[in-house]
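What follows is a set of notes on a single structure, which appears directly below.
Both counts, for ligands and for their atoms, begin at 1 and track the order of listing.
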Amino acid sequence: MVDPNGDPLASAQLEKAVEAIRAGKLVAFPTETVYGLGADATNADAVASIFAAKGRPAFNPLIIHVASMEKAVQLVEFNDHAKLLAETNWPGPLTIVLPRKDDCPVALLAGAGLETLAIRVPENSYARKFLSRVDVPIAAPSANKSGSVSPTTADHVRESLGDVVDLILDDGPCQIGLESTIIDLTDDVPVLLRSGGVTIEMLERQIGSIQAAVDDNSAPKAPGMLSRHYATSIPLRMNATELEEGEALLAFGGRTLGPAPAVCNLSRAGDLNEAAANLFDMMRKLDRPDLKGIAVMEIPKTGLGRAINDRLRRASR
Ligand code: TXA
Ligand code: MG
């Protein structure tokens, strides 16, 4: 294993990684489970680049990685179950889903607009060094293109994402090689969202019975539980070409549809990365009871535009 303290090459790489994260770039890093594709979770543009790099046609909420419990409590509301599981299993392959704090600095896009965040403290020593040095929460999915298997070596990352990742921290093969276990502790009844590095039996010994949302193959038993998403409380209309009375306008590009009681522009320059970064903040801003609805102008269905259209479509139902 690489020791970034003793190995000058590893420390130099670590410094480069810290600079890259501060500049809003993507860094692939090792964890004990699989390699992650990381960006500054508080930088919405950087988070949008993760989705662009993965090539996923939808926004999936990302896991937020931090160096310690002290950092985690700044982001989400812990309850007794969560405290117990965190104290016993962190650092380690357990991800806990909890409500965001009101002043949580993590970009809404990182959690795909949800009120909750999935959070974990990885155990790999290189990862921990990286997380404490950057000192910002790191949003990271597994470092592979959408639809392929999670990478357990730096070579896997290079093969899958070599052209889009700015830096790959190499710590050899992952010790566990299987993703983290995800448990949702938002409600009173704990729910297992994904089987992984820590077994459900181990967790049940610590907090009692856990409801299974997935079967042994990690296939969702109750798909509804996994497809929770943010939707506006007023109607949302896509591909609008004109405004109806009382509607707010969510614009894209240099054009407008005329005067509206409230207007936000996802990206005046027509930049899909910028539009993705703004999407959830602007949906929330326009979701006002005094407005009749939200008219959204057409957004191209290429690149990140596919995920933006997917999320708007879900919100428009
Ligand atoms: O081991 C791991 O967990 C690796 C390493 C890099 O940490 N990460 C990983 O991330 O597997 P990813 O994006 O491939 O899987 C994250 C899963 C997704 O299925 C996502 O839906 C779920 O976590 N998730 C994230 N935030 C959530 C939330 N707020 N509520 C429910 N599920 C959430
Ligand atoms: Mg994955």
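- Remark: ligand 1 and H65 share an N or O pair separated by less than 3.5 Å (distance only, no angle test).
- In the hydrophobic clustering of this structure, V189 does not group with L185; members are Ile, Leu, Val, Met, Phe, Trp, Tyr whose side-chain heavy atoms approach within less than 4.5 Å, directly or through other members.
- Taking every non-hydrogen atom of I182 and a distance limit under 4.0 Å, the qualifying atoms of ligand 1 come out as 17 (C), 22 (C), 23 (O).
- Between R284 and D281 there is no salt bridge, since no side-chain N of the basic residue sits under 4.0 Å from a carboxylate O of the acidic one.
- Counting non-hydrogen atoms of other residues, nucleotides and ligands closer than 6.0 Å to NZ of K301 gives a total above 12.
- Taking any N or O of S180, backbone or side chain, at least one lies under 3.5 Å from an N or O belonging to ligand 1.
- Both I183 and V73 are assigned to one and the same hydrophobic cluster, defined by single-linkage of ILVMFWY side chains at heavy-atom distances under 4.5 Å.
- Here atom 13 (O) of ligand 1 lies nearest to P141 when heavy atoms of G113, C174, P141, S146 are compared.
- Residue T95 has no nitrogen or oxygen atom sitting less than 3.5 Å from a nitrogen or oxygen atom of ligand 1, judged on distance alone.
- Checked by distance only, ligand 1 and T31 stay at 3.5 Å or farther apart across all their nitrogen or oxygen atoms.
- By heavy-atom distance, the residue among I183, I176, T116 lying nearest atom 29 (N) of ligand 1 is T116.
- Distance check for N144 against the Mg ion (ligand 2): none of its N/O/S atoms falls below 2.8 Å.
- Ionic pairing of D310 and R314 is present here: one or more N-O contacts between side-chain nitrogen and carboxylate oxygen are shorter than 4.0 angstrom.
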For this session: For K25 and E19, run salt bridge (Lys or Arg N to Asp or Glu O under 4.0 Å): C-alpha distance rounded to whole Å, both residues' side-chain angles, the deciding distance at 0.1 Å, then the answer.
Result: CA-CA 9 Å; K25 294 187 172 161; E19 269 170 45; over 6 Å; no
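- For ligand 1, none of its N or O atoms has an N or O atom of E179 under 3.5 Å away.
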